[in-house]
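Everything numeric here is computed off the predicted structure, so don't read it as measured data.
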Amino acid sequence: MSGHSSQTTVGSLPDTAAESPFVPAALTWLVWSLFATSVVALVGLVRFGGREFAGVVAVDGLTVLLWVVATFFSGIVHSYSRRYMAGNAHETRFFVAVFGFTALVMALVAADHLALFGLLWLAMGLVMAKLIGIVDGWRQARAAEAVARRYFLASSALLGVALTTLWWATGATTVSGIAAASGTLGGPAWIVAASALVLAAMVQSALVPFHGWLFASMTAPTPASALMHAGFVNAGGILLLRFAPVVTVEPALMLAVVAIGAASALLGKLLKSVQPDVKSKLAGSTVGQMGFMIMQAGLGFFGAAITHLILHGFYKAYQFLGSTGRIEHTGPKAATEHATSALGTAMTLLTGLAGGALFAVLTGKGTSLDSGLLLALFVTLTTLGATRSAVQSTSLPSTVRYGAAPLLFLPAIGVYALVYTAISGLLAGLPVATAPVELSVLHVAVAAAFLAVYVAIEAGVHERSHRLYVALVNASQPPESTVLTATEEYNEY
């Protein structure tokens, strides 16, 4: 169950619920002011470059870009919540937590000192856990908070191991100092640090097998879920980019990151297919999309990973904040899925291939024999999946559906390529912002396996296996203590 705004009138609420709207209004105004300031800072950075302050914080292209993105999403959530949380007993605490989370994210992406980075990572996770369990009188919410907190503490512990090992191996106390000394990394110390970084990123981004906390987080109010799926889970990609000079030392580790991302991308797609409610389906989708993001990082295209997390954030925030409308839209009267004819299959395939080719032409990725080929392949598959879904679910004559698909998706791929190019340019000053790796036999094997399973899923092969269905349901089942079994157990006040 998701968090709900009460249908009880404000006059019947306890005194603690009838709070002044001053705090929500003030924080909403403040976060939008931060967004405007971040946009100005982004313009200033493009003109004058970044700044470093006494080895504590460093303002670069990634910092300011993420300031703009984080404050924009937070502003949307603040504004939406003004009505969603109105009259709720936890309204003020909710707004303080959301604004506090935003401030922590802004500080984290600017942090350069290792101790500051680690502490902010820990604080960010604890505040998000608090948002998951914001309703005091709901025992399932408290249990979900405890589950999330355990995962986030584990992620912070792994990050602590990585940062301590890197400090011991290099003597550097800053992220930028470690990047400068990355040429000296190797041996057991590097293995410990790099492995801990990847695991910390996997936990925070809810990759398989660490996706349990995400499916248990359905107790969070819907605006908090939007912030979680549009922002919090992206922390794994940001972590890998910040420590890219460490992760990219050994090609074998990068290949492992690709395989990890591919597994989560496929399993997330499968987990989504067996979910009975809207928010759980979106959780499965997030697991899959974070897998795609991590794959892009493993291929050395960190700019593509950042582009992916930003565009996914826009999409997922919209999906969560509009999730109640989707319940009505997917009712029995709205079932409009159509069987795809041979012409439709051919048009879908051609649209996907054209999307991948357009991306390659506009970005230059996929035009040489390196990991850019796989990046173009993933763009092609994404276009194929989106086109197939649109062709099957749109209530229009078949000729219109087939003809409109390329007119809709090819310009979208063009916009994506341009956004990717712009973000890559903004990140150009970062160490190893783009580090495409040479293709190996193992890369080809991973790509072939991924393609085969992806095509099988699109063809519905998995739907014929009852055993697989049960396994997927069990794999996505949250802890029993977080599941609401009777409406009488839900107490918002």
Side-chain angles (χ1 to χ4, degrees), residues 38 41-42 44-45 48-70 103-126 152 155-201 203-204 234-250 253-254 257 297 300 302-303 305-306 309 423 426-435:
S38 299
L42 182 61
L45 181 134
F48 304 109
R51 295 289 185 272
E52 185 175 340
F53 302 93
V56 177
V57 298
V59 179
D60 55 24
L62 178 63
T63 299
V64 183
L65 175 64
L66 293 177
W67 281 354
V68 172
V69 173
L104 288 170
V105 171
M106 294 183 70
L108 176 73
V109 298
D112 194 35
H113 196 281
L114 297 182
L116 178 62
F117 190 96
L119 288 174
L120 289 170
W121 184 273
L122 171 63
M124 183 179 68
L126 293 179
F152 302 154
S155 174
S156 296
L158 288 165
L159 180 60
V161 169
L163 297 181
T164 302
T165 305
L166 290 171
W167 165 72
W168 177 81
T170 65
T173 59
T174 61
V175 177
S176 56
I178 288 174
S182 60
T184 64
L185 290 174
W190 170 82
I191 293 174
V192 170
S195 300
L197 284 172
V198 172
L199 287 171
V203 173
Q204 212 82 348
N234 296 327
I238 296 168
L239 179 65
L240 293 183
L241 175 55
R242 278 299 187 207
F243 291 91
V246 177
V247 180
T248 56
V249 166
E250 176 55 54
L253 178 64
M254 295 290 281
V257 172
F302 295 96
I306 296 300
L309 68 84
I423 290 178
L426 193 62
L427 304 181
L430 299 182
V432 203
T434 301

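- Nearest approach of G118 to L159, heavy atoms of both residues: CA-CD2, 4.2 Å.
- Within the model, atoms CG of L309 and CD1 of I423 stand 8.0 Å from one another, a figure rounded to the nearest 0.5 Å.
- In terms of heavy atoms, A200 sits closest to L239 at CB-CD2, 4.0 Å.
- A distance of 9.5 Å separates OG1 in T63 from CG in L108, rounded to the nearest 0.5 Å.
- In plain terms, the two heavy atoms of L185 and A169 that are nearest each other are CD2-CB, 4.2 Å.
- For the atom pair CG of L163 and NE2 of H113, the computed distance is 10.5 Å after rounding to the nearest 0.5 Å.
- Note that CH2 of W167 is 10.0 Å distant from CG of L114, once rounded to the nearest 0.5 Å.
- Of the possible donor and acceptor atoms, none in the side chain of S182 sits under 3.5 Å from a partner among the backbone N and O of V246.
- Put simply, the side chain of V64 does not reach to within 4.5 Å of the side chain of L426, judged on heavy atoms.
- A194 approaches L253 most closely through the heavy-atom pair CB-CD2, 3.5 Å.
- Closest approach of L427 to G61, counting heavy atoms only: CD2-C, 4.2 Å.
- With contacts defined as side-chain heavy-atom distances shorter than 4.5 Å, the pair L66/V105 does not qualify.
- The minimum heavy-atom distance between S155 and Q204, with the atom names listed, is OG-OE1, 2.9 Å.
- For the atom pair CD1 of I306 and CG of L62, the computed distance is 5.5 Å after rounding to the nearest 0.5 Å.
- Rounding to the nearest 0.5 Å gives a distance of 10.0 Å between CD1 of I178 and OG1 of T165.
- For W67, there are no side chain to side chain donor-acceptor pair (under 3.5 Å) partners, not counting sequence neighbours.
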